[in-house]
Amino acid sequence: MTRIATWNVNSLKARLPRVEEWITLAQPDILCIQETKMKNEAFPTEAFTALGYESVHHGQGQWNGVAIISRVGIKNVTSGFDDLEDPYEGDARLIAATCGGLRTVNVYVPNGREVPSEFYDRKLLWLAQLKNWLTTTSSSKDSVVVLGDFNVAPEDKDVWSMEAFAGLTHVTKLERAAIAALEEWGLSDSFRQLHQEDGLYSFWDYRGGDFHKKHGMRIDLVLASKAVEKRVISALIDRDARKGEKPSDHAPVVIELSD
DNA sequence: ATGGTAGCGCTGCTA
């Protein structure tokens with residue numbers, strides 16, 4: 001069995017004790033984290049080594065930053081869109097590696113801020129470029145997972161209230177079409193494969209007591225190629241990780257694959 | 001109730 005997870009930690013410096021605690025408890029084989037908010041030289045490699053994990057980080061500084069933490073090996077590491085143009089040039093939003101035979105693509109999709117805005121336009125371009133990059137660097141016939149914080153809620157039932165999101169990012173037709181385009185390439189939403197009900201969220205804004213009001217969104221996704229889809233045996237969102245002292249505003253999403 | 005909270009880093013930006 002292989003257990004893979006994605007978690008937007010909202011600053012690895014602020015969250016390291018909780019990340020270490022969660023790894024010990026949840027025992028992921030591969031953990032993809034987003035928003036490390038640190039430079040590569042500040043990345044706490046030794047903390048993960050001490051837990052039995054290798055790690056690679058594509059960091060930036062005070063914003064963004066993505067890392068893969070694995071106890072099943074890390075090979076063929078790449079970051080960004082390689083030679084393709086990045087609509088968010090300079091941002092550290094993508095790192096990919098092969099971990100235990102699984103091509104693992106960890107993404108932190110741009111937020112988009114407002115509709116309309118040039119940030120929103122570039123979010124759509126970024127998602128389109130992600131598909132182009134996948135097409136040129138991978139085969140959907142292989143074992144591929146594209147996982148991370150997509151900053152898109154794929155369906156109405158993935159947000160607590162569509163009325164509250166009228167006119168906002170994360171739920172627009174074009175953002176959802178960009179996710180659908182990734183799925184057309186040959187990926188499927190592993191969590192929805194096993195759970196169809198509403199009210200299952202992975203993010204709650206810190207503001208306004210949203211977590212306690214159950215005002216959440218499901219924007220952290222694990223998109224799996226067909227070869228991986230066949231192996232999915234469980235999927236969960238670890239809401240407990242959103243509780244207690246100094247939680248991230250996101251909960252980890254955990255998928256288990258049969259061998 | 002257009003406030004509210006968190007992180008970075010030191011003033012305001014980002015989410």
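Because the structure is a prediction, the values reported are computed rather than measured. In what follows, chains are A, B, ... by sequence order, proteins preceding strands, each numbered from 1.
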#### Entry: dA15(B) and dG4(B), which share atom name C1', separated by this distance in whole Å
13 Å
#### Entry: P-based separation of dG7(B) from dG3(B) [nearest Å]
23 Å
From [atom1] of [X] over to [atom2] of [N], roughly how many Å is that when rounded to an integer?
{"X": "F203(A)", "N": "dA15(B)", "atom1": "CZ", "atom2": "P", "value": "11 Å"}
{"X": "Q62(A)", "N": "dA15(B)", "atom1": "CD", "atom2": "C1'", "value": "13 Å"}
{"X": "H250(A)", "N": "dT5(B)", "atom1": "NE2", "atom2": "P", "value": "18 Å"}
{"X": "Y108(A)", "N": "dT14(B)", "atom1": "OH", "atom2": "C1'", "value": "8 Å"}
{"X": "D210(A)", "N": "dG3(B)", "atom1": "CG", "atom2": "P", "value": "17 Å"}
{"X": "H215(A)", "N": "dT5(B)", "atom1": "NE2", "atom2": "P", "value": "16 Å"}
{"X": "D91(A)", "N": "dA15(B)", "atom1": "CG", "atom2": "C1'", "value": "13 Å"}
{"X": "R18(A)", "N": "dG7(B)", "atom1": "CZ", "atom2": "P", "value": "11 Å"}

### Message
Would you call the rings of F43(A) and H57(A) parallel, tilted or perpendicular, taking 30° and 60° as the class edges?
### Response
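Ring orientation, 0 to 90° scale: parallel.
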### Task
Show your working on salt bridge (Lys or Arg N to Asp or Glu O under 4.0 Å) between D158(A) and R192(A) and close with a plain yes or no.
CA-CA 10 Å; D158(A) 292 319; R192(A) 280 291 178 223; 2.6 Å; yes
### Task
Using the closest heavy atom to pick a nucleotide of DNA chain B for each, name whichever of N151(A) or N10(A) lands nearer the 5' end.
N10(A)
### Query
With nearest nucleotides of DNA chain B determined for D205(A) and G112(A) from heavy-atom distances, which residue corresponds to the more 5′ nucleotide?
D205(A)
Answer yes or no: does a side-chain N or O of [X] lie under 4.0 Å from OP1 or OP2 of [N]?
{"X": "R207(A)", "N": "dA6(B)", "result": "no"}
{"X": "K246(A)", "N": "dG7(B)", "result": "yes"}
{"X": "S11(A)", "N": "dC8(B)", "result": "yes"}

### Row check, Y88(A) ring normal vs R122(A) NZ/CZ: under 6.0 Å, within 45°
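Checked: cation-pi criterion met.
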### Query
Is the charged tip of R218(A) near the ring of Y201(A): under 6.0 Å from the six-membered ring centre and within 45° of its axis?
no
### Task
Using a 4.0 Å heavy-atom cut-off across all strands, classify F119(A) as base, sugar-phosphate, or nothing.
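Result for F119(A) = nothing.
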### K13(A) side chain, from C-beta outward: closest of dA6(B), dC8(B), dA15(B)
dC8(B)
#### Entry: Modelled atom types, side-chain donor and acceptor of S70(A) and E54(A), under 3.5 Å
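Absent: no donor and acceptor within the cut-off.
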